[in-house]
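Below, chain A is the first sequence line, B the second, and so on; all start at residue 1.
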Number of protein chains: 2
Amino acid sequence: MRTPDTETSKRAVTQSDVARHLGVSRTLVSFAMRGAPGVSEDMRRQILSAADALGYRRNIQAADLARKRPTAVGLHLVDLHNDVYADIFSGVQEVLRSNDSRLVISVNATPYGPDPRALDPLFEAQVGVIIAATLLDPGERVRELNRRVPLVNVTRSVPGVDSIHSDDISGGRLATGHLLDLGHRNIAHLCGPAFEGHLERRTGYRETMLEHGLQPLIIEAAGFSREDAAAVALKLLASPPGQRPSAIFAHSDELALGVREAAASLGLSIPGDLSLVGYDNSRVAGLHGIDLTTVDLHARELGRAAGQAAVERMLYPASPAVDRILAPTLVTRASTAPLH
Amino acid sequence: MRTPDTETSKRAVTQSDVARHLGVSRTLVSFAMRGAPGVSEDMRRQILSAADALGYRRNIQAADLARKRPTAVGLHLVDLHNDVYADIFSGVQEVLRSNDSRLVISVNATPYGPDPRALDPLFEAQVGVIIAATLLDPGERVRELNRRVPLVNVTRSVPGVDSIHSDDISGGRLATGHLLDLGHRNIAHLCGPAFEGHLERRTGYRETMLEHGLQPLIIEAAGFSREDAAAVALKLLASPPGQRPSAIFAHSDELALGVREAAASLGLSIPGDLSLVGYDNSRVAGLHGIDLTTVDLHARELGRAAGQAAVERMLYPASPAVDRILAPTLVTRASTAPLH
DNA sequence: CTGAAAGCGCTAACAT
DNA sequence: ATGTTAGCGCTTTCAG
């Protein structure tokens with residue numbers, strides 16, 4: 001009896017076990033496992049089936065270590081509860097699967113603040129590139145991180161760093177223009193706290209308002225949650241009809257949802273008393289009963305482009321940073337209506 | 001000049017680099033890095049700050065390999081677009097962070113079908129335990145997987161395997177009972193395809209109906225998506241008032257949302273023409289304009305319990321499988337109303 | 001408190 | 001086509 005039964009043992013089956021079982025060298029097994037040339041077809045088949053029979057699982061930790069160069073792609077997500085990020089994830093996964101790269105995921109513990117340790121798990125996992133959606137840190141800090149491990153910034157543009165994002169200025173213009181077209185003049189923009197590199201939507205809004213000789217009104221919520229938005233919207237909408245805005249453009253669908261709740265609790269109807277535009281085109285926006293007019297930033301496509309950029313960055317570490325901009329689209333639904 | 005500038009070099013800074021820089025042994029650095037006893041406070045401080053200055057990052061792949069026993073926890077999620085899973089994730093992360101275990105995440109490529117390779121990335125990452133939410137495979141297959149790496153099943157009970165789940169039978173009873181209390185008699189249950197271990201909700205429904213001398217009507221959609229539900233609901237609701245159900249209990253909020261869309265496109269109002277109960281208490285259910293009566297399975301708490309169970313399983317591999325059941329709660333909202 | 005030495009499972013030259 | 005050998009970065013006895 002040459003090979004003791006390892007089935008019940010706690011130790012994992014290794015390539016050596018497979019090699020010993022077949023009476024060949026470890027190397028040969030290693031070559032066979034990853035389809036490298038230099039193994040006869042016959043041998044490869046034997047090895048593969050023996051490995052399977054023994055319950056062998058490749059230890060990628062060891063493989064990566066031995067390979068000496070990083071091979072995995074890191075993905076950082078700020079928040080799993082927002083399906084924009086789920087869409088980005090899907091896009092990334094789609095691309096990486098066809099490139100069979102390994103994906104290591106890290107999610108912010110406390111969403112929506114710049115978390116200095118957010119990328120640490122990814123650094124420790126020795127990823128070769130990090131797709132970040134979204135970093136709220138200042139650009140200088142992002143460039144510093146990028147020096148450690150190349151970054152692909154999603155949803156944001158940072159000069160000198162690969163960036164995949166939607167044209168938020170034009171998105172802001174789209175939303176504001178739509179409300180202007182409907183006859184609204186008293187239009188407010190509700191957004192979250194200001195972070196460098198995340199101000200384009202309000203810029204698009206402000207510019208469009210000024211071009212029409214109108215006074216922009218920008219309201220910042222304390223955070224990016226529905227509740228944060230509801231809190232400030234409640235104050236904003238408490239004024240009598242003539243004084244309060246007849247339309248609000250919110251920085252995200254999530255914030256728009258908060259505005260909806262506030263409006264409802266004040267007895268204001270949408271779009272009767274208030275027209276509302278969101279941003280993201282998340283799934284909930286399209287729901288009957290919600291019907292939120294919004295700007296689609298094509299999150300899944302963003303994810304695909306990011307995956308692509310990550311793969312290319314791994315291949316050509318020294319190539320110049322790309323800045324890919326996708327055009328957003330206005331999705332008109334029932335939350336906006338002509339004034340009066 | 002003893003230490004060449006490694007800042008610009010591509011190679012990562014290792015413990016040896018730190019040791020050499022300080023003129024101490026690698027071992028000492030290793031001890032200091034993970035706060036092991038046997039290093040003077042002074043030395044530790046020196047080492048830590050030197051490491052920081054050099055830009056040292058611990059390589060967990062190497063650490064895990066050397067440690068010889070698995071240390072990471074794997075988390076498998078079927079779908080990121082359903083915030084029940086986002087909640088489960090949050091709960092798991094919360095517990096594991098305070099245990100500072102590493103979390104490796106894997107998400108199904110094609111949600112909502114038993115994917116035979118779904119856990120492979122986790123196996124390859126050499127995790128010590130896998131939290132699975134949710135596996136649709138037959139129980140026998142789950143037990144087989146459990147033999148490789150201990151599993152913690154979330155949202156489902158598999159005898160012989162750690163299981164953390166909601167009491168779905170009582171959840172089904174809660175939902176059905178609520179509709180009966182409102183005077184409904186013609187109540188249908190709309191669910192997804194039948195998978196072993198995922199039939200409790202319909203069981204609760206069926207039993208309750210039979211106990212009241214009523215005929216259960218179970219409708220299976222082709223999948224678990226909103227669209228799948230809408231398709232079958234459209235047929236179900238096309239009949240004239242007397243013939244069609246006056247209430248539907250859906251297997252999930254996602255499916256309930258599909259029913260809503262179908263009802264809307266048929267011009268039926270909820271709850272005027274149809275009372276609707278979902279399951280999950282996802283965030284969207286509570287939205288003004290949706291107001292879906294639903295059964296809360298306390299997903300985040302499920303996640304916490306799963307994280308806890310995972311930690312314990314790592315510590316005591318041989319302890320008997322736990323089966324933890326959480327009691328679901330009915331959340332009454334505006335999608336259900338008395339008959340007539 | 002510190003250091004030397006062995007080895008985790010795998011890859012990748014470099015033989016043969 | 002197959003085998004030999006030397007590490008990858010880290011942890012962990014075991015001696016000083």
Touch class at under 4.0 angstrom, heavy-atom based, for Ser30(A) against every strand present: base
N/O donor-acceptor pair, side chain Thr27(A) with base dT4(D), under 3.5 angstrom: yes
Closest listed nucleotide, where the reference is the side chain of Ala62(B) and the choices are dG9(D), dT11(C), dA1(D): dG9(D)
Interatomic distance where CZ belongs to Arg58(B) and P belongs to dC8(D) [whole Å]: 19 Å
Partner of Tyr85(A) by side chain to side chain contact (heavy atoms under 4.5 Å, CB included), out of Thr134(A), Val154(A), Val107(A): Thr134(A)
Nearest to side-chain heavy atoms of Ser25(A), which nucleotide of dG3(D), dC8(D), dT13(D): dG3(D)
Short side-chain N/O contact to dT11(D) OP1/OP2 from Gln15(B), under 4.0 Å: yes
Length of the CG-P vector between Asn59(B) and dC8(D), whole Å: 12 Å
Cationic tip of Arg313(A) above Tyr316(A) ring, under 6.0 Å, 45° of axis: no
Sugar-phosphate, base or nothing in reach of Arg44(A), heavy atoms under 4.0 Å: nothing
Atom CZ of Arg69(A): over 12 foreign heavy atoms under 6.0 Å: no
Minimum-distance nucleotide (side-chain atoms of Val24(A) versus dC8(C), dG3(D), dA1(D)): dG3(D)
CZ/Arg324(A): more than 12 non-hydrogen atoms of other groups inside 6.0 Å: no
Phosphate OP1/OP2 of dT12(D): any Arg34(B) side-chain N/O under 4.0 Å: yes
From dT11(C), dT11(D), dC10(D), nucleotide with atom closest to Arg67(B) side chain: dT11(D)
Side chain of Leu28(A) - closest among dC10(C), dC8(D), dT2(D): dT2(D)
Selection from dT2(C), dG9(C), dC10(D) that lies nearest to any side-chain heavy atom of Thr14(A): dG9(C)
side-chain N/O Arg26(B) vs dA5(C) OP1/OP2, d < 4.0 Å: no
Interatomic distance, Glu41(A) CD vs dA1(D) C1' [rounded to whole Å]: 13 Å
Rounded distance (nearest 0.5 Å) linking atom CG of Leu77(A) with atom CD1 of Ile88(A): 7.0 Å
Val39(B) vs Phe31(A), nearer the 5' end of DNA chain C by closest nucleotide: Val39(B)
Protein-nucleotide distance (Gln46(A), atom CD; dA1(D), atom P), rounded to Å: 15 Å
